[in-house]
Amino acid sequence: MLDDRPAERHRQVAGHFAELTRGAAPDAWDAPSPVPEWAARDVVRHLVTWFPQFLAGGSDVVLLAGPSVDDDPVEAWRVHADSVQRVLDDPEVAALMFTNPHTGTMPLAQAIDRFYTADIFLHTWDLARATGQEPGLDADFALTMVEGMEPMDEVLRSSGQYGPRVEVPEGSDAPTRLIGFIGRDPFWTAPA
């Protein structure tokens, strides 16, 4: 079960993602992912590139940049995730107000948890599938996410961030429901 404190939840979710980066075979980084037109390394690239821009749009926090994802996706993730963790582990920085016209104003730790840690959690599935590993998504957090997102279905779809919902069999577990909700085929496997 994931912790509900932002710093600890990020440590757990980003740590699990790091395990998957280390578990990927060297030739898996160019394998297709469940996200159309993305290879496995593009999943990492997405996470290490959009979030620093998001932070800059609502705070003065600057993250340490690691090596290029093209050169070393494992190390690029490690440096990035460690930099985010340092922000969350510093009570003064974590409590700074984050203000963005799209999200409103909230403590930085809450913004990271709500928008970024949740995104890592979702993309964990993409990276695992692309690299032939088990996603191992926390079922309780998946349930919380899907139940929180379902009432906002129309708004989320109109954002362009999610594809059309993929219907899943009745009685599917929470991770399967979540993955279908965000527009992925939960039964996707990498092409042979």
Side-chain angles (χ1 to χ4, degrees), residues 1-24 33-35 38 40-55 63 69 73-74 76-85 87-89 94 98 103 106-153 155-157 159-163 165-166 168 172-188:
M1 181 174 217
L2 295 180
D3 201 295
D4 61 357
R5 295 170 295 174
E8 292 310 310
R9 182 158 35 218
H10 178 267
R11 191 179 324 280
Q12 291 171 308
V13 172
H16 180 55
F17 193 90
E19 290 171 10
L20 293 172
T21 67
R22 292 189 300 269
S33 85
V35 182
W38 280 11
R41 79 176 62 248
D42 296 317
V43 177
V44 178
R45 184 185 329 277
H46 164 73
L47 292 169
V48 302
T49 57
W50 84 261
F51 187 62
Q53 295 169 3
F54 176 78
L55 279 180
L63 299 176
V69 172
V74 176
W77 177 254
R78 187 196 66 75
V79 171
H80 175 78
D82 287 353
S83 187
V84 175
Q85 194 64 51
V87 169
L88 290 166
D89 287 342
F98 177 85
T103 64
M106 65 190 74
L108 183 58
Q110 183 182 349
I112 292 171
D113 189 52
R114 184 181 296 176
F115 301 106
Y116 185 64
T117 302
D119 200 41
I120 300 169
F121 186 80
L122 295 173
H123 287 298
T124 293
W125 186 84
D126 296 322
L127 181 64
R129 290 295 178 152
T131 58
Q133 300 179 78
E134 283 300 315
L137 297 180
D138 181 86
D140 292 333
F141 191 58
L143 182 61
T144 298
M145 285 190 71
V146 76
E147 286 181 345
M149 295 168 85
E150 283 176 333
M152 301 183 298
D153 192 348
V155 172
L156 292 172
R157 299 275 168 241
S159 75
Q161 299 298 309
Y162 302 95
R165 185 179 193 149
V166 174
V168 298
S172 292
D173 64 19
T176 301
R177 287 175 50 206
L178 177 63
I179 295 306
F181 180 85
I182 66 169
R184 309 276 201 281
D185 175 358
F187 306 104
W188 184 93

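Side-chain atoms are counted along with the backbone in the values below, which use heavy atoms only and exclude waters and symmetry mates. Positions are given from 1, in the same order as the sequence printed here. All values derive from a computational prediction rather than experimental measurement.
Within the 4.5 Å cutoff, the side chain of Thr21 has no heavy atoms near those of the Arg78 side chain. Taking the side chain as every heavy atom from C-beta outward, Glu19 and Gln133 never approach each other to under 4.5 Å.
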Give the C-alpha distance, both sets of side-chain angles, the deciding distance and a yes or no for side-chain contact (heavy atoms from CB on, under 4.5 Å) between Phe17 and Val43.
-> CA-CA 11 Å; Phe17 193 90; Val43 177; 4.1 Å; yes
Can you check side-chain contact (heavy atoms from CB on, under 4.5 Å) on Tyr116 and Phe54, steps first, answer last?
-> CA-CA 9 Å; Tyr116 185 64; Phe54 176 78; 5.9 Å; no
Could you give me the CA-CA distance, side-chain angles and deciding distance for Glu150 and Arg177, then say whether side-chain contact (heavy atoms from CB on, under 4.5 Å) is met?
-> CA-CA 10 Å; Glu150 283 176 333; Arg177 287 175 50 206; 3.6 Å; yes
Does the pair Thr124 and His16 meet the rule for a side-chain contact (heavy atoms from CB on, under 4.5 Å), with working shown?
-> CA-CA 8 Å; Thr124 293; His16 180 55; 3.5 Å; yes
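Rounding to the nearest 0.5 Å places OG of Ser172 at 5.5 Å from CZ of Phe187. Between the OG1 atom in Thr49 and the CG atom in Asp42 there is a gap of 9.5 Å [rounded to 0.5 Å]. Interatomic distance, CZ of Arg22 versus OG1 of Thr131, reported as 12.5 Å (0.5 Å rounding).
Checking each of Leu47, Leu20, Val35, Ile120 against Leu127 for a side-chain contact (heavy atoms from CB on, under 4.5 Å) leaves exactly one that passes, namely Leu20. Just one residue in the list Asp173, Leu178, Ile179 forms a side-chain contact (heavy atoms from CB on, under 4.5 Å) with Thr176, and that residue is Asp173.
Smallest separation of non-hydrogen atoms from Val69 and Arg45: CG2-CA, 3.9 Å. Residues Pro175 and Leu137 share a closest heavy-atom pair of CG-O, 4.0 Å. Nearest heavy-atom pair, Trp125 versus Asp185, reported as atom, atom and distance to 0.1 Å: CH2-O, 3.2 Å. The two residues Pro6 and Leu88 make their nearest non-hydrogen contact at O-CD1, 4.0 Å. Pairing each heavy atom of Trp188 with each of Pro34, the nearest pair is CE3-CG, 3.5 Å. For the pair Arg129 and Pro186, the tightest heavy-atom approach, listed with the atom from each and the gap, is NH2-O, 3.3 Å.
Using a 4.0 Å cut-off between charged nitrogen and carboxylate oxygen, Arg9 and Asp4 do not count as a salt-bridge pair. A salt bridge between Arg5 and Asp113 is absent, with no side-chain N of the basic residue lying under 4.0 Å from a carboxylate O of the acidic one.
In terms of the side chain to side chain contact (heavy atoms under 4.5 Å, CB included) criterion, residue partners of His46 (sequence neighbours excluded) are, by chain and number, Trp38, Trp50, Asp119, His123.
A tilted orientation is assigned to the rings of Phe181 and Tyr162, their planes being inclined by 30° to 60°. Aromatic ring orientation, Phe121 versus Phe141: perpendicular (interplanar angle above 60°, classes split at 30° and 60°).
Side chain of Gln12 to main chain of Leu2: no donor-acceptor pair is present (N/O by atom type, distance under 3.5 Å, no hydrogens or angles).
Applying the salt bridge (charged side-chain N to carboxylate O under 4.0 Å, His left out) test to every pair with at least one member in residues 130-148, sequence neighbours left out, gives no pairs at all.
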